[in-house]
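Shown next, in structure tokens, is the structure this report addresses.
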Amino acid sequence: MFISKYQVRISDINYGGHMGNERALLAFQQARIEWLKTLGLSEMDIGEGRGLIQRRANVEYLKEVSLGDVLDVSIYPSDIKGSYFVLAHEVTNQDGFTVLTGNVTLGSFDYSSKKLAKIPNILREVLENKKISKGNI
């Protein structure tokens with residue numbers, strides 16, 4: 001669906017000399033923000049007065065990620081339901097190796113009523129089409 005570049009910075013590195021475990025979720029979020037922006041949407045505005053709320057996240061660490069690595073963060077929609085959908089992620093490094101995989105379950109949320117709501121049609125259509133495009137560094 002969407003591929004974003006993520007350059008590993010010093011703030012991403014932990015005491016072990018590689019990317020900290022929490023940073024994978026930040027890379028996922030950055031890619032998601034960039035993807036939504038290409039659609040004219042944001043995490044707080046996915047259409048029809050709704051935003052996104054995260055329900056669950058899962059990350060599998062496959063290889064070390066180091067300072068200066070340039071990562072491709074790919075997003076693929078799956079498991080689209082009434083108010084929830086899953087974005088699967090595959091992260092590859094500049095050498096083409098898959099270094100991280102994971103998924104994030106996101107809900108369509110009406111922040112004014114503080115309730116889950118049906119995924120807006122504008123976003124549902126994009127998720128169901130699963131088109132691939134490239135983001136920027």
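Quick note: residue numbers are just sequence positions, from 1. Computed from a predicted structure; not experimentally measured.
Under the 4.5 Å side-chain contact rule for hydrophobic residues, Leu67 and Val73 share a cluster. In this structure, Leu41 is not a member of the same hydrophobic cluster as Leu116, with clusters built from ILVMFWY side-chain heavy atoms closer than 4.5 Å. A continuous path of hydrophobic side-chain contacts links Phe28 to Leu39 [ILVMFWY only; heavy atoms under 4.5 Å]. Val126 and Val86 sit in two unconnected hydrophobic clusters of ILVMFWY residues. Membership requires side-chain heavy atoms under 4.5 Å apart, directly or through other members. In the hydrophobic clustering of ILVMFWY residues, with side-chain heavy atoms under 4.5 Å counting as a link, Val91 and Ile13 come out together.
To the nearest 0.5 Å, atoms CE (Met44) and CZ (Arg50) are separated by 13.5 Å. The distance from atom OG1 of Thr105 to atom CZ of Arg55, rounded to the nearest 0.5 Å, is 7.0 Å. The line from OH of Tyr84 to CG of Leu52 is 11.5 Å long, rounded to the nearest 0.5 Å. Interatomic distance, CD1 of Ile119 versus OG of Ser83, reported as 7.0 Å (0.5 Å rounding). Note that CD1 of Ile46 and CG of Leu36 are 8.0 Å apart. Values are rounded to the nearest 0.5 Å. Here the CG-CD distance, from Asp12 to Glu22, works out to 8.5 Å after rounding to the nearest 0.5 Å.
With Leu87 as the partner, the side-chain contact (heavy atoms from CB on, under 4.5 Å) test is satisfied by one option alone out of Asp79, Ile75, Asn103: Ile75. Each of Glu90, Glu60, Lys63 was compared with Thr98 under the side chain to side chain donor-acceptor pair (under 3.5 Å) criterion, and only Glu90 meets it.
At least one donor-acceptor pair under 3.5 Å links the side chain of Glu48 to the backbone N or O of Asn121. Using a distance-only test at 3.5 Å, with no hydrogens or angles considered, no donor-acceptor pair links the side chain of Tyr61 to the main chain of Val99. Judged purely by atom type and a 3.5 angstrom limit, Asp95 has no side-chain atom pairing as donor or acceptor with the backbone of Phe97. Looking at Ser108, its side chain does come within 3.5 Å of a backbone N or O of Lys118 through a donor-acceptor pair. In this structure, the side chain of Asp69 engages the main chain of Ser66 through a donor-acceptor pair within 3.5 Å.
Contact check for Gln7 versus Leu71: no side-chain heavy atoms found under the 4.5 Å cut-off. Counting heavy atoms from C-beta on, the side chains of Ser4 and Arg32 never come closer than 4.5 Å. A 4.5 Å side-chain heavy-atom check between Met19 and Tyr6 finds at least one atom pair inside the cut-off. With contacts defined as side-chain heavy-atom distances shorter than 4.5 Å, the pair Phe2/Thr38 qualifies. Leu100 is not listed as a side-chain neighbour of His89, based on a closest heavy-atom distance of 4.5 Å or more. Between Leu106 and Phe85, some side-chain heavy-atom pair lies under the 4.5 Å cut-off. Using a 4.5 Å heavy-atom cutoff, the side chains of Val65 and Asn93 are not in contact.
Inspection of the Gln29 and Gln54 side chains reveals no N or O donor paired with an N or O acceptor under 3.5 Å.
A salt bridge is absent between Asp110 and Lys115; no separation between the charged side-chain nitrogens and carboxylate oxygens falls under 4.0 Å.
Residue Ile80 places its CD1 atom among more than 12 non-hydrogen atoms of other residues, nucleotides or ligands, all under 6.0 Å distant.
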Go through it in stages, so that I can follow the logic: the residues are Glu43 and Ile53, the test is side-chain contact (heavy atoms from CB on, under 4.5 Å), and I'd like the CA-CA distance, side-chain angles, deciding distance and then a yes or no. CA-CA 8 Å; Glu43 290 188 316; Ile53 192 164; over 6 Å; no

